[in-house]
Amino acid sequence: MYALGQFGLPWQQALIAVRFAAPTSAGILFTMLEAAGMKETWIFQKLRILAIFDDLDTLLLMVPLKAIYIGPKWELAVELVFVAIICILMARFMHKLTVPISWPYLCLYAAGVTLVCEMVHFFTHSQAVDPNNVADTIHFEVLLPAFTVGCITKHENAEHDGHDIHQRPDSLSLRCLCSPGTTGTADTVTMCISAVFMVLVGVSMPPLFSSSLEDDGLRRLGSDETMAPHLIVIHVIACSFLMILGKMFPAACYKSEVNLKTRVALAVAMMPRGEVSAGIIANALALGITGPPMVIGIVCLALNMMMVSVFICTVKTLAKETATLADSQADEGVPAVCAFGGAEDAAVPSCGPSPVDLEI
């Protein structure tokens, strides 16, 4: 708000524009950590909660932020009621709905959620349905209802996702006896859907530096205000640094559970942004927020997504070092507290995975 104030960025727009930096990409994060063999680690179990609620609070906060920006309109009250209803459904029917959860059914549920949201958008936007423009366009974000469907769906072994966790008798690490995982077909479908989604996000982004006023079917980022390229680079570096610094907060928490290296690994794992962040930027553009701030936001997001592999490799390295330390302490007969924190006789082991579990 202060550095870009000269480019006419009011605080209402700034609060919406910068929300892209908040959510952690749960989809990208979970997929890559599972590929790295870290699904049964303390880091993954903690991330599963933090990343999901990271996305959830971003989606929920977008409704009041839009209300602040647009002003009092009764259509926003409809969105607030919709959000309240699905939040109640999540809390009241968590893992209560018994339905098939194989990948064809999941695709069917996703298509149903998308259809409902798009129909609401069509009926409030179409001139044929609303010729007198009684209601402004109401657009329900698809991510929140989709998340709700996942929450209320009952999973067979929801507690450990089908895995039985046991403490290894000869060390302080965890060993898991894993049941058969998802089929190769499901993994292929997941990869294809993720790839198609990110391609569509990419092609929906407007040109960064084009000053053309021609209507090419894309929203323009340009505005009357311009910024020199070297200033854009400086702002991108500063914004990226703040994005990383903000995600380091978990390193100051959980001191009674794990050591510093593991907390830093948890913080680094929270750094990747992805589909939700791209959706926030798309919403900001749809609301008419343009100019250098959006250029900076898109470049920061692109650089962050290019760094995802670096973040995951850093997490894996830190976790492996901590697991190795835990095993060496076990070999030396250190009995009191394991390297990942927590008492030796704790009911739930808090140590990290063995090096075998960390192999890809």
Side-chain angles (χ1 to χ4, degrees), residues 1-7 9 11-30 32-33 36 38 41-44 46-62 65 227 230-281 284 289 292-319 321-322 341:
M1 288 189 294
Y2 293 103
L4 298 174
Q6 58 180 314
F7 296 99
L9 186 68
W11 66 271
Q12 298 93 334
Q13 295 185 16
L15 289 176
I16 296 175
V18 300
R19 286 303 293 178
F20 86 91
T24 298
S25 176
I28 294 175
L29 183 62
F30 294 169
M32 296 195 71
L33 287 180
M38 298 183 66
T41 63
W42 178 92
I43 294 174
F44 186 91
K46 191 67 68 174
L47 279 172
R48 185 167 61 176
I49 301 299
L50 294 179
I52 288 174
F53 278 94
D54 212 4
D55 290 352
L56 182 60
D57 81 76
T58 297
L59 297 175
L60 292 176
L61 190 57
M62 281 301 294
L65 288 181
M227 178 180 284
H230 72 279
L231 290 179
I232 291 180
V233 171
I234 293 174
H235 279 82
V236 167
I237 293 173
C239 185
S240 299
F241 172 77
L242 291 175
M243 289 169 63
I244 292 174
L245 183 64
K247 289 298 184 182
M248 290 302 296
F249 178 76
C253 308
Y254 313 115
K255 294 181 180 179
S256 62
E257 298 183 39
V258 293
N259 62 12
L260 179 59
K261 272 192 176 181
T262 308
R263 301 199 306 270
V264 172
L266 175 66
V268 174
M270 293 288 291
M271 292 177 184
R273 275 75 166 184
E275 63 281 356
V276 178
S277 297
I280 297 298
I281 289 181
I289 302 174
M294 299 311 301
V295 174
I296 295 167
I298 291 177
V299 175
C300 287
L301 177 59
L303 291 176
N304 180 274
M305 296 180 69
M306 287 164 46
M307 291 288 291
V308 168
S309 296
V310 176
F311 295 145
I312 300 301
C313 289
T314 303
V315 173
K316 184 180 178 183
T317 301
L318 291 172
E321 290 177 0
T322 310

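When reading the values below, keep in mind they use all heavy atoms of this one structure, side chains included, and skip hydrogens, waters and symmetry mates.
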Flag the pair Asp57 and Arg19 as a salt bridge only when some basic side-chain nitrogen lies within less than 4.0 angstrom of an acidic carboxylate oxygen.
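Yes, this pair counts.
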Side chains of Leu260 and Arg263 in contact at under 4.5 Å (non-hydrogen atoms):
yes
Are Ile312 and Leu33 packed together at the side-chain level, in the sense that at least one heavy-atom pair is separated by less than 4.5 angstrom?
yes
Supply the atom-to-atom distance [X] [atom1] to [Y] [atom2], rounded to the nearest 0.5 angstrom.
X      : Y      : atom1 : atom2 : result
Ile280 : Arg273 : CD1   : CZ    : 12.5 Å
Ile52  : Thr24  : CD1   : OG1   : 11.0 Å
Ile244 : Phe311 : CD1   : CZ    : 5.0 Å

Could you label the plane-to-plane angle of the Phe44 and Phe30 rings as parallel, tilted or perpendicular, counting under 30° as parallel and over 60° as perpendicular?
tilted
Where [X] and [Y] come nearest, the two heavy atoms and their spacing:
X      : Y      : value
Ala21  : Lys247 : O-CE, 4.3 Å
Leu301 : Ser277 : CD1-CB, 3.7 Å
Ala17  : Met294 : CB-SD, 4.0 Å

I'd like to know if the side chain of Asp55 pairs up with that of Thr58 as donor and acceptor (distance under 3.5 Å, no hydrogens or angles considered).
no
Test item: Asn304 side-chain N/O and Met271 main-chain N/O as donor-acceptor pair under 3.5 Å
yes
